[in-house]
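Since the structure is predicted, the reported quantities are computational estimates derived from the model, not experimental observations. Every chain is numbered from 1, with letters handed out A, B, ... down the list of sequences.
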There are 2 protein chains.
Amino acid sequence: MNKKRITIKDIANVLNISPAAVSKAMHDDSRISTKTKEAVRRVAKELNYQPNHLASALRKGKSNLVGVIVPRTNSNFFSSVIENMEAVLNKAGYNIIITQSNESFDKECKNIDTLLYTQVDGIIASMANETVDLSHYEKIKSKGIPLILFDRGENDLNVDYVGINDYDSSHIIVEHLVEKGCKRIAHIGGYRRTRIFNNRIRGYVDALKKNKLPIDDSLIIESSLTLEDGRREMERLLSLDNKPDAVYVASDYAALGALQVLNESKINVPKEIKLVGFGNEPFTSLVSPSITSIAQHSKDIGRLAAETFLKRIAQPELKQSLNKIILEAQLIVRDSSS
Amino acid sequence: MNKKRITIKDIANVLNISPAAVSKAMHDDSRISTKTKEAVRRVAKELNYQPNHLASALRKGKSNLVGVIVPRTNSNFFSSVIENMEAVLNKAGYNIIITQSNESFDKECKNIDTLLYTQVDGIIASMANETVDLSHYEKIKSKGIPLILFDRGENDLNVDYVGINDYDSSHIIVEHLVEKGCKRIAHIGGYRRTRIFNNRIRGYVDALKKNKLPIDDSLIIESSLTLEDGRREMERLLSLDNKPDAVYVASDYAALGALQVLNESKINVPKEIKLVGFGNEPFTSLVSPSITSIAQHSKDIGRLAAETFLKRIAQPELKQSLNKIILEAQLIVRDSSS
DNA sequence: TACATTTGCTTAAACGATTAAGCAAATATA
DNA sequence: TATATTTGCTTAATCGTTTAAGCAAATGTA
């Protein structure tokens with residue numbers, strides 16, 4: 001068993017040159033002869049040399065690692081964002097460390113500590129539902145490490161952001177339902193303290209007003225938007241004397257829960273009640289009836305978040321104004337609303 | 001802006017002690033007075049000190065980082081495995097770096113290089129479908145870094161493994177379908193070169209034999225098991241003169257594709273054709289009809305893989321024999337087969 | 001030929017934390 | 001009182017790589 005680590009010193013010894021020369025040869029320094037470079041590369045391969053990231057990152061003060069925090073990876077939106085983000089960052093010589101908060105504030109704090117401790121060169125994050133206190137995000141900023149938020153952001157933090165226009169998305173959904181003849185549109189939303197969910201609620205309310213529909217507080221529900229939440233809140237809506245004729249759910253998972261309850265209650269979707277979800281998860285097209293939803297441009301968000309980070313790293317701090325990239329969402333109409 | 005990094009040297013200067021004393025105080029060394037320890041902790045907090053992982057990992061020759069490679073995170077099975085793995089490892093002082101291979105061999109090689117370069121203390125992986133050449137996995141072994149495989153393993157590698165009993169799972173499924181009166185059971189499986197899929201195919205064939213059913217090669221299909229593959233292969237099966245009366249699909253995603261085709265073709269599931277999937281993804285219970293599937297104990301697999309790694313790290317190499325943990329799968333019967 | 005420049009390296013000091021070895025002062029033991 | 005032990009630190013080397021500074025030899029220029 002080959003226990004001993006091979007270092008540049010070993011390569012240097014074989015060739016009778018200094019470790020410094022080896023290091024420079026590896027980095028294609030112009031002051032090293034072609035002959036030496038070739039020899040170094042050959043010996044490195046022979047000895048199965050693997051550079052030690054810890055040492056070079058320590059010396060250079062740069063790890064070429066980017067930390068990513070998502071509420072969960074088990075969602076098509078987030079995993080697609082990550083995939084596209086990674087592609088851009090890899091090309092620029094960065095590797096990513098993915099962490100999940102599981103929507104927990106505590107876990108998110110721990111993840112940030114881990115990432116800072118690991119000396120990442122930047123953090124790209126989407127906030128957990130639970131998160132209200134922003135001090136741990138401030139900590140990232142105070143260390144001068146670039147922070148990019150996507151999807152679940154927060155205006156107060158004053159950092160770069162990439163996401164879709166949630167306020168307008170609600171308008172698009174309400175307009176669509178009104179067009180289909182709906183008069184009592186309920187909204188199963190997220191908690192108002194999360195900016196994106198607050199924006200969806202505001203958009204929903206304003207769109208109702210714009211269409212001269214009354215605002216009924218019993219039709220506006222805040223929840224964590226899990227599948228179970230969707231079930232429970234749908235049951236609540238069905239128990240109302242004056243039932244809604246459409247439900248706009250701010251997450252596909254909760255929409256799925258709602259659909260289950262509707263199907264179980266033998267309520268015809270879309271004839272009796274129309275349903276719209278949010279996020280365009282793959283399963284929305286697979287269940288019956290298929291669920292109308294909002295596509296969030298996950299690929300673009302991933303790419304843009306990565307590019308924003310690279311821009312931030314390239315520029316000498318402070319000079320650059322804030323990047324706020326807001327994409328327009330797209331309604332994917334399916335059976336549950338037409 | 002506080003650009004300068006705070007190091008133990010800064011703390012040492014404030015207190016007029018040596019950096020070594022600070023380091024020891026931080027680690028609660030018995031040879032440091034309580035008074036000094038308290039002072040160090042206080043100053044560390046005041047200066048907002050963050051230990052530099054690169055430096056300590058370099059010196060200690062241990063990064064307390066575990067690399068994880070999965071084909072994709074966008075699957076309930078893998079994300080559940082990761083979540084439980086992380087819980088165990090965090091408790092033991094390790095953090096994890098998640099990487100996805102996207103089922104690509106090249107990406108998997110790159111991920112391994114990145115992880116080795118990052119000096120992880122171990123790697124826990126599930127192989128990409130494409131992977132046949134195992135030399136990059138041998139590289140991990142040759143460096144003496146613990147490697148644990150789960151779900152998608154490979155016998156030839158001779159490393160620790162955690163997974164379910166795929167061979168037996170096929171038996172359970174076939175027995176179930178035979179019990180329901182099926183006589184012509186088709187199998188849409190993965191490629192034989194991947195061990196788990198080979199085992200499922202072998203199990204399927206042996207179970208048919210055991211039940212005195214004929215083996216029909218036109219009913220055994222190999223594919224990548226994506227949703228699209230499921231659709232295409234189901235269409236092929238339906239075009240046969242002698243159609244099957246049951247289909248056992250080795251992945252829920254492909255099973256879903258098959259179900260879509262069956263629904264579109266107005267074939268009654270389960271009356272005309274029964275369907276069984278594999279993996280117990282959440283959507284299996286959500287589609288209609290709901291899909292019978294095999295639960296893979298993702299939580300246990302995650303936990304056990306982590307524990308196996310910890311055991312491996314704790315023991316002085318070689319001494320320990322191989323850990324092969326094979327869990328018994330569980331059939332979750334739903335509407336598509338009863 | 002005399003000097004300047006370029007080439008191709010070497011030397012040595014970092015990066016920040018850990019740790020073996022050592023040492024003086026305080027305390028315990030005989 | 002003399003010696004042993006314990007306490008509470010310091011010193012200095014080290015992990016593996018990078019890089020500023022320097023230096024001799026080779027090459028170019030006048």
Task: Test item: B:Ile313 and B:Tyr94 side chains (from C-beta on) under 4.5 Å apart, heavy atoms - done: yes

Open item on the list: So that I can tick it off, tell me whether A:Glu46 and A:Arg42 are bridged by a salt bridge, with the cut-off set at under 4.0 angstrom between side-chain N and carboxylate O.
Closed with: yes

Open item on the list: What is the separation between atom CD1 on A:Ile32 and atom C1' on D:dT17, rounded to the nearest whole Å?
Closed with: 15 Å

Open item on the list: Mind checking if A:Ser18 touches a base, just sugar-phosphate, or nothing, with heavy atoms under 4.0 Å?
Closed with: base

- [ ] Select from A:Ser30 and A:Ala20 the residue whose nearest nucleotide in DNA chain C is closer to the 5' end of that strand.
- [x] A:Ser30

TODO: Under 4.0 Å between any heavy atoms, over every strand shown, what does B:Leu54 touch: base, sugar-phosphate, or nothing? Just pick one.
DONE: nothing

Open item on the list: Under a plain distance cut-off of 3.5 Å, with no hydrogens placed, do B:Asp106 and B:Ser104 share a side-chain donor-acceptor pair?
Closed with: no

- [ ] State whether the side chain of B:Ser79 and the backbone N or O of A:Thr73 hold a donor-acceptor pair below 3.5 Å, judged by distance alone.
- [x] no

TODO: Would you mind reporting whether B:Met26 and B:Ile11 have side-chain heavy atoms less than 4.5 Å apart?
DONE: yes

Open item on the list: Rounding to an integer number of Å, can you tell me how far A:Ile17 CD1 sits from D:dT18 C1'?
Closed with: 15 Å

Open item on the list: I'd like the 5' and 3' limits of the part of DNA chain C contacted by chain A, with heavy-atom contacts below 4.0 Å.
Closed with: C:dT7 to C:dG16

TODO: Give the rounded distance in Å between these two atoms: CD1 of A:Ile6 and P of D:dT17.
DONE: 10 Å

Open item on the list: Both B:Lys37 and A:Ser23 contact DNA chain D. Which one's nearest nucleotide lies toward the 5' end?
Closed with: B:Lys37

Task: Length of the line joining A:Arg31:CZ and D:dA20:C1', which is rounded to integer Å - done: 12 Å

TODO: Give the rounded distance in Å between these two atoms: CG of B:Asn16 and P of D:dT11.
DONE: 11 Å

Task: First encountered from the 5' end of DNA chain D, between B:Leu58 and B:Thr34 - done: B:Thr34

Open item on the list: Can you classify the ring geometry of A:Phe78 versus A:Phe150 as parallel (below 30°), tilted (30 to 60°) or perpendicular (above 60°)?
Closed with: perpendicular

Open item on the list: Quiz question: by atom type and distance under 3.5 Å, do the side chains of B:Thr131 and B:Glu108 form a donor-acceptor pair?
Closed with: yes

TODO: For B:His53, report the nucleic acid contact type (base, sugar-phosphate, nothing); a contact means any heavy atom under 4.0 Å.
DONE: nothing

Task: Interatomic distance, B:Lys62 NZ vs D:dG16 C1' [rounded to whole Å] - done: 19 Å

Task: Whole-Å gap separating C1' (D:dA20) and CG (A:Asp29) - done: 12 Å

